[in-house]
Amino acid sequence: MRTQKKISFFFLVSEASTDKMSLFHLEDFLAGWIGGASSVIVGHPLDTVKTRLQAGKGYKNAFHCIVTIYKKETLTGFFKGLSFPLASITVYNSMVFGFFSNAKRFISDIRYGDRRHQCNMLDLTVASMMTGLVSVSLGAPVDLVKIRLQMQTQPILTPENFTLAGNGSVPLRSVGLQNQSIECTVYRGPLHCISSILQTEGIQGLYRGAGAMILRDVPGYALYFIPYTLLCGWMNSNSSGSPHPCSIWLAGGLAGSISWFTATPADVVKSRLQADTIHRRKYKGITHCIIQSYKTEGIHVFFRGASVSAIRGFPMSATMFLVYELSLKFFRSL
């Protein structure tokens with residue numbers, strides 16, 4: 001019974017509105033946008049550092065990466081690729097949070113004959129893993145564009161041929177750049193990035209790395225929603241009341257750190273698959289990426305950026321959960 005009470009705390013505010021909430025209910029959409037936008041702004045600078053560490057070269061550690069980005073690109077370098085996830089997070093977070101809530105009610109209806117029945121741990125696990133699977137449909141293209149924009153200022157240190165978007169293979173020596181370090185800006189912005197990918201790689205190009213993203217997000221969402229639920233319940237002394245904002249903030253932050261830290265190996269593979277087609281394709285697929293990364297850099301490569309992910313996950317998720325819950329409570333009080 002105690003576990004049941006703890007589990008019931010997840011989205012306690014949203015559940016208070018009973019069955020009226022649907023996947024694209026207006027207040028869910030608005031609260032998801034506000035919460036998601038807030039979390040993206042808070043977490044994007046460290047997300048850029050994480051991506052550079054995982055898919056870039058020449059960085060000794062997180063601190064060196066931060067200093068290098070600042071010296072070469074100033075503060076704006078930390079916000080590369082922000083506009084697209086900031087805009088798309090409206091739909092993405094509405095889908096994620098709405099789908100999770102509806103999945104819980106659907107499971108309760110199937111198992112107990114009552115959509116308002118409290119979910120147990122198994123129910124929450126199934127609902128969160130289903131959410132992770134569905135989220136890839138929108139999350140994969142968003143992540144791909146974000147990473148391409150974040151990575152396109154990386155230096156090319158090879159005299160071999162490389163591919164400029166839409167222009168075929170061009171020898172460096174033919175343009176007088178042999179053995180030189182250059183920075184190649186391929187995409188002018190998110191829309192140009194999407195257009196270029198569709199022209200050169202087709203619709204499947206937008207979903208490069210989606211398989212690795214499934215491996216990351218299916219277990220990742222379970223390790224995101226469930227710790228938040230349990231932590232929020234443990235920190236709330238009044239089992240019949242709404243969690244205190246401080247409890248929501250701390251539980252959300254810890255859940256984010258746990259989820260992102262454990263998802264790092266799959267995230268490394270995903271980032272490399274999505275980033276390596278900027279100049280020249282290196283990896284044929286998930287298995288090839290794992291083998292090649294291990295052969296060239298060792299087992300530690302799969303934990304590159306783990307500390308940054310865990311640190312970034314705390315403020316980003318704490319902001320997401322807190323702003324979402326408070327926004328949802330505000331909209332439903334109107």
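Heads up: numbering here begins at 1 and tracks the sequence.
Note: Phe314 and Phe261 fail the aromatic proximity criterion, with ring centroids not under 6.0 Å apart.
Here the shortest heavy-atom pairing between Ala222 and Met129 reads CB-CG, 4.2 Å. Ser196 and Thr200 make their closest contact through O-OG1, 2.8 Å (heavy atoms, listed as atom of the first residue, atom of the second, distance). Nearest heavy-atom pair across Thr229 and Phe225 is OG1-O, 2.8 Å. Here the closest non-hydrogen pair linking Ile34 and Ser327 is CG2-OG, 3.7 Å. Considering all non-hydrogen atoms of both residues, Gln274 and Arg148 come closest at O-NE, 2.6 Å. For Met95 against Ser135, the heavy-atom pair with the smallest separation is CE-CA, 3.7 Å.
Using modelled atom types, one side-chain atom of Thr76 and one backbone atom of Glu73 make a donor-acceptor pair closer than 3.5 Å. Side chain of Ser293 to backbone of Ile290: no donor-acceptor contact under 3.5 angstrom is found. Judged purely by atom type and a 3.5 angstrom limit, Ser108 uses its side chain to pair as donor or acceptor with the backbone of Lys104. Checked by atom type and distance alone, the side chain of Tyr207 pairs as donor or acceptor with a backbone atom of Ser137 at under 3.5 Å. Of the possible polar contacts, none joining the Thr74 side chain to the Tyr70 backbone as a donor-acceptor pair under 3.5 Å is found.
Below 30°, between 30° and 60°, or above 60°: for Phe321 and Tyr224 the angle between ring planes is between 30° and 60°, a tilted geometry. Between His44 and Phe79, the two ring planes are parallel [angle under 30°; tilted spans 30° to 60°].
The structure places CD1 of Ile147 at 4.0 Å from OG of Ser271, a figure rounded to the nearest 0.5 Å. Within the model, atoms CD1 of Ile41 and CE of Met316 stand 10.5 Å from one another, a figure rounded to the nearest 0.5 Å. To the nearest 0.5 Å, atom CZ of residue Arg312 and atom OG1 of residue Thr48 are 9.0 Å apart. To the nearest 0.5 angstrom, Asn102 atom CG is 14.0 Å from Phe97 atom CZ. Between the CE atom in Met213 and the CG atom in Leu144 there is a gap of 10.0 Å [rounded to 0.5 Å]. Here Lys146 contributes atom NZ and Thr51 contributes atom OG1; the two are 4.0 Å apart, rounded to the nearest 0.5 Å.
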Step by step, work out the side chain to side chain contact (heavy atoms under 4.5 Å, CB included) result for Ile286 and Lys270.
CA-CA 8 Å; Ile286 296 175; Lys270 179 198 71 70; over 6 Å; no

Take Val301 and Gln54, measure what side chain to side chain contact (heavy atoms under 4.5 Å, CB included) needs, and give me the verdict at the end.
CA-CA 8 Å; Val301 69; Gln54 292 177 345; over 6 Å; no

Carefully, step by step, assess Val96 and Tyr221 under the rule side chain to side chain contact (heavy atoms under 4.5 Å, CB included).
CA-CA 10 Å; Val96 167; Tyr221 270 106; 3.7 Å; yes

Given the rule in the side chain to side chain contact (heavy atoms under 4.5 Å, CB included) test, do Val49 and Tyr59 qualify, once you have shown the distances and angles that lead to the verdict?
CA-CA 10 Å; Val49 175; Tyr59 303 116; over 6 Å; no

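Within the 4.5 Å cutoff, the side chain of Asn120 has heavy atoms near those of the Tyr112 side chain. Counting heavy atoms from C-beta outward, Val269 and Phe302 have side chains that approach closer than 4.5 Å. Between Val142 and Tyr92, the closest side-chain pair of non-hydrogen atoms is not below 4.5 Å. A 4.5 Å side-chain heavy-atom check between Arg208 and Ile197 finds every atom pair outside the cut-off. The closest side-chain heavy-atom distance from Tyr294 to Ile291 is not below 4.5 Å. Looking at Ser317 and Tyr228, their side chains never come closer than 4.5 Å, going by heavy atoms from C-beta outward. A heavy-atom distance below 4.5 Å is not found between the side chains of Lys50 and Leu53. At least one side-chain heavy atom of Lys72 sits less than 4.5 Å from a side-chain heavy atom of Thr68.
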When the side chains of residues 245-260 are checked against the rest of the protein, which donor-acceptor pairs come out under 3.5 Å, sequence neighbours left out?
from: Ser257; atom 1: OG; to: Gly253; atom 2: O; distance (Å): 3.3
from: Ser257; atom 1: OG; to: Ala310; atom 2: O; distance (Å): 2.8
from: Ser259; atom 1: OG; to: Gly220; atom 2: O; distance (Å): 2.9

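Between Arg216 and Asp143, at least one side-chain nitrogen of the basic residue sits less than 4.0 Å from a carboxylate oxygen of the acidic one, meeting the salt-bridge criterion. Looking at Arg111 and Asp123, a side-chain N of the basic residue comes within less than 4.0 Å of a carboxylate O on the acidic one, giving a salt bridge.
Under the 4.5 Å side-chain heavy-atom criterion for ILVMFWY residues, a single connected hydrophobic cluster contains both Met130 and Leu122. In this structure, Val268 is not a member of the same hydrophobic cluster as Ile214, with clusters built from ILVMFWY side-chain heavy atoms closer than 4.5 Å. In the hydrophobic cluster analysis, where Ile, Leu, Val, Met, Phe, Trp and Tyr join through side-chain heavy atoms closer than 4.5 angstrom, Ile226 is grouped together with Phe99. Linking ILVMFWY side-chain heavy atoms closer than 4.5 Å, directly or via other members, places Phe100 and Leu328 in a single hydrophobic cluster. Each of Val42 and Ile311 belongs to its own hydrophobic cluster when Ile, Leu, Val, Met, Phe, Trp and Tyr are linked at side-chain heavy-atom distances under 4.5 angstrom.
For Gln150 and Asp47, the side-chain atoms include at least one donor-acceptor pair closer than 3.5 Å.
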